[in-house]
Amino acid sequence: QPEMIPALRSEFEAAVKQLNHSLSNLRRSGYLSAPWLGDETSQQVAAHYTGRAMDEPQSSYQALIAYRDELARIHDTLQRMEDEYHRRDRDASTDLGRRA
């Protein structure tokens with residue numbers, strides 16, 4: 001149903017914006033500033049946390065980026081669909097005008 005596409009696209013756009021905002025905040029505050037005790041164990045734990053939560057390819061942060069990218073792809077696909085429907089409507093109107 002073509003008339004539903006703009007509202008659906010708008011929801012995906014809002015989700016991408018919200019996720020971008022959250023990712024920016026996480027990028028600023030998701031890293032530990034320093035190992036809390038300054039000893040070797042807390043350094044190892046901090047390194048493990050940073051890898052698992054932020055830096056590794058399978059980290060939570062990277063998963064959120066992939067999710068955001070997928071939402072953006074869906075938004076872009078919906079935009080192309082909407083543009084195509086508008087183009088077809090214009091073409092149909094033009095053809096009808098020529099026949100009249």
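From a predicted model like this one, the values you see are computed outputs, not experimental measurements. Throughout, numbering of the chain's residues begins at 1 and tracks the sequence.
With hydrogens and angles left out, the side-chain atoms of D39 and Q43 include no donor and acceptor closer than 3.5 Å. Between the side chains of N25 and S22, no donor N or O sits under 3.5 Å from an acceptor N or O. Side-chain contact of Q58 with Q62: a donor-acceptor pair under 3.5 Å is absent, judged by distance alone. Side-chain atoms of D55 and Y31 form a donor-acceptor pair, as typed in the model, at a separation below 3.5 Å.
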**OP:** Mind running side chain to side chain contact (heavy atoms under 4.5 Å, CB included) on L26 and M54 for me, showing each step along the way?
**Re:** CA-CA 9 Å; L26 187 56; M54 301 297 291; 4.2 Å; yes
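The structure places OG of S10 at 13.5 Å from CD1 of I5, a figure rounded to the nearest 0.5 Å. For the atom pair L71 CG and K17 NZ, the distance stands at 14.0 Å (nearest 0.5 Å). With values rounded to the nearest 0.5 angstrom, L78 atom CG is found 13.5 Å from R73 atom CZ. In this structure, CE on M81 lies 8.5 Å from CG on L8, to the nearest 0.5 angstrom. Interatomic distance, I74 CD1 to E11 CD, rounded to the nearest 0.5 Å: 13.5 Å.
Smallest separation of non-hydrogen atoms from G30 and Y49: O-OH, 2.7 Å. Across all non-hydrogen atoms, the minimal contact from S42 to W36 is CB-CE2, 3.7 Å. Nearest approach of E82 to P6, heavy atoms of both residues: OE2-CG, 3.5 Å. H75 and F12 make their closest contact through CB-CB, 4.0 Å (heavy atoms, listed as atom of the first residue, atom of the second, distance).
The environment of R88 atom CZ is sparse: at most 12 non-hydrogen atoms of other residues, nucleotides or ligands sit within 6.0 angstrom. Enclosure of atom CD in E3 by more than 12 non-hydrogen atoms of other residues, nucleotides or ligands within 6.0 angstrom is indicated. Around the CD atom of E70, the shell of radius 6.0 Å holds more than 12 heavy atoms that belong to other residues, nucleotides or ligands.
With respect to the salt-bridge test (charged N to carboxylate O, under 4.0 angstrom), the residues E84 and R80 do not qualify.
The cluster map of Ile, Leu, Val, Met, Phe, Trp and Tyr, joined by side-chain heavy atoms under 4.5 Å apart, puts V16 and Y61 in the same cluster.
Side-chain contact between R68 and L64: absent, with no pair of heavy atoms (C-beta onward) separated by less than 4.5 Å.
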